[in-house]
Amino acid sequence: MNRVLGDKRAILVLLGPALLVYSLVMLAPMLWSLGYTMFSGSVITGFSWAGTKNFSTLLHDPAARAALVFTLKYAVVVTVGQVAVGYLLSLLYVFFLRRASGLIRTLVFFPVVLPTVAVALLFQKFFEFAPQTGPVNSLLEALGMHGVDWFGSAGTAFVVIAVMDIWRSMGFYAVLLYAGLVDIPEEVLESARIDGASGTRLVRSIVLPLSLPVLVSSIIFSINGTLKVFDSIYALTGGGPGSGSTPLTLLMYRTSFFYGDYGYGATIAFGLTLLSLVVTLFIFRANRRDVTEA
Amino acid sequence: MTTTTVATRRGPAPARTHRSTRRHLRRIPLYILVTLLLVVMVYPLVWILLGSFKTQDEFLNNPTWALPHSFFNVSNYGDAWSSIALYLRNSVLAVFPALALVIVLGTAAGYALEVMVFRGRSRVLMVFLAGIMIPGQMILLPLFTVYFKLHLNSTLWPLIITYTATGLPLTVFMMATYFRSIPREVFEASTLDGASAIRSFWSIGFPMMRSAVFTIALVQFFFLWNDLLIALTFTTQDDLRTVQVGLLNFTGQFGTVDYGPTFAAICINMLLVLGLYIFMNQRVMRGLSAGAVKG
């Protein structure tokens with residue numbers, strides 16, 4: 001039997017193609033990309049040796065610093081927003097809507113599967129200032145305030161980006177965290193209620209600690225996505241105004257394909273990979289220590 | 001209303017009615033909150049749908065929340081469709097072959113890594129897993145170089161190949177997890193009956209995984225269909241654009257000038273997904289969150 005299930009030829013036939021495609025199209029390019037960090041130029045202009053120049057540029061480039069700051073700001077705000085709103089929603093589902101939550105859960109989840117480009121264009125029109133006054137500015141005007149040119153400055157553009165990405169994905173985190181909350185045994189909640197815990201106290205002392213593992217994996221998942229944000233910002237603001245909303249991914253894209261500098265582009269991509277690795281490990285570690293202390 | 005009529009007829013009821021009214025009163029902020037939530041989620045979508053029936057004149061002269069004059073004004077859709085149709089075709093031609101490859105290769109690899117016995121299989125699984133972490137930007141430049149050198153840039157092959165590879169890590173990992181839940185005895189029995197390893201994969205493993213395969217296909221479909229980065233990088237010609245890249249370009253062309261067709265194009269892109277979601281929403285939600293927890 002083990003002779004059959006350990007058949008080398010069968011393993012090769014089953015595993016070989018996937019491993020081959022994966023190695024050729026993902027692993028090899030990754031290593032190749034690391035090699036690019038020591039060159040400058042592009043496939044069209046040809047490459048020349050650059051040594052560690054790209055790395056020293058990365059450390060002193062004001063555009064890279066601005067992009068790093070934007071990436072971190074976006075990642076922190078949107079991760080906290082997604083997970084916090086998602087958690088509130090999941091509490092709403094479990095403790096207030098209970099059985100009736102199915103329809104609302106499905107509805108709030110829907111934007112998750114919508115094409116990012118479509119949602120971004122929708123928000124562009126929704127927050128429009130001129131020539132058509134979009135619903136948001138119309139509402140502001142109806143309330144006696146002035147309309148805002150949302151995409152006219154980096155600060156307000158950031159607000160729209162954050163609102164859009166939280167709107168788009170809160171339903172996802174709500175469902176993820178909902179699954180964690182449903183797993184909390186009813187007896188635990190019941191005995192806490194008998195002991196007199198209710199409302200916020202119940203959430204803080206019982207529900208929150210017990211759903212911490214799901215919460216942490218949500219945060220890790222979310223921060224990994226937000227550090228790599230590209231689609232939504234590219235489609236919504238294109239990184240503008242100027243380069244006021246340009247994250248590292250977009251800077252990498254521009255450097256490589258608009259300015260034809262593959263070497264520096266690859267260096268930025270490498271920096272980004274390192275950043276998400278470090279952040280993930282950091283959250284992982286911080287969380288593990290908490291658990292052992294408790 | 002009905003509770004009051006019941007209350008007048010029965011003796012002990014008033015107290016109960018009183019309590020339940022109070023309970024309902026206490027829950028009013030909550031109802032408002034839920035209503036607000038629904039408005040925030042649904043209104044943008046309804047607004048864009050209503051807009052797709054409006055004429056340019058209505059866009060510029062009527063308030064933005066006004067209903068369209070006529071729901072039978074589908075000329076916007078005609079305008080949008082004439083350019084979106086090609087993009088849709090490209091998306092279909094790039095996504096579905098890649099999807100089929102991802103499923104077949106990924107399921108076979110998941111089976112090999114979980115059911116078959118050989119040294120180093122957990123290490124191979126880890127190698128696949130590492131692919132989930134790699135940002136797309138890390139592989140774009142070398143791939144672009146290769147596709148350029150091979151003159152594949154004027155075809156859809158770069159998209160099919162790249163989509164297949166980027167879809168594999170999650171698929172392999174999820175399939176391995178699903179195969180773990182099937183008792184080993186099933187495969188051992190089939191080998192005792194004389195089936196080869198590949199035969200028991202095709203005749204036993206794959207059919208048993210039908211539901212899981214369908215879920216993963218659905219999840220991967222959304223990832224690939226909604227992709228922007230890869231399509232943007234590897235399609236350099238207008239007639240090769242996928243629907244997402246095409247839509248971005250579309251607003252560049254009509255954008256501020258012509259609202260109706262833009263709104264209609266956004267709606268076409270959304271309605272397709274909506275159609276799929278209406279029938280499969282439970283499966284989609286389960287599949288996507290399973291992929292997240294494990295990823």
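Letters go in sequence order (proteins before strands), and every chain restarts at 1. FYI, side chains are in, hydrogens and waters are out, and symmetry mates aren't considered; it's all heavy atoms of this structure.
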Visitor: Is A:Y36 in contact with chain B via its backbone, its side chain, both, or neither, using a 4.5 Å heavy-atom distance?
Guide: side chain
Visitor: For A:M252, is it the side chain, the backbone, both or neither that has a heavy atom under 4.5 Å from a heavy atom of chain B?
Guide: side chain
Visitor: Contact part of A:F230 toward chain B, heavy-atom cut-off under 4.5 Å: side chain, backbone, both or neither?
Guide: side chain
Visitor: Can you tell me how the ring of B:Y147 sits relative to the ring of B:F234, calling it parallel under 30°, perpendicular over 60° and tilted otherwise?
Guide: perpendicular
Visitor: Given a strict heavy-atom distance threshold of 4.5 Å, which part of A:F257 is in contact with chain B: side chain, backbone, both, or neither?
Guide: side chain
Visitor: So which of B:F148, B:F201, B:W47 has the largest heavy-atom pair count under 4.5 angstrom toward chain A?
Guide: B:W47
Visitor: Side chain, backbone, both or neither: which part of B:F223 has an atom under 4.5 Å from a heavy atom of chain A?
Guide: neither
Visitor: When heavy-atom pairs shorter than 4.5 Å are enumerated against chain A, which of B:A197, B:A112, B:A109, B:P135 gives the highest number?
Guide: B:P135
Visitor: Quick one: what part of A:L227 sits under 4.5 Å from any heavy atom of chain B, side chain, backbone, both or neither?
Guide: neither
Visitor: Identify which part of B:L30 has an atom lying under 4.5 Å from any heavy atom of chain A, answering side chain, backbone, both or neither.
Guide: side chain
Visitor: Quick check on B:T233 against chain A: is it the side chain, the backbone, both or neither that has a heavy atom closer than 4.5 Å?
Guide: both
Visitor: In terms of heavy-atom pairs under 4.5 Å, which option from B:V245, B:L101, B:V102, B:L37 contacts chain A the most?
Guide: B:L37
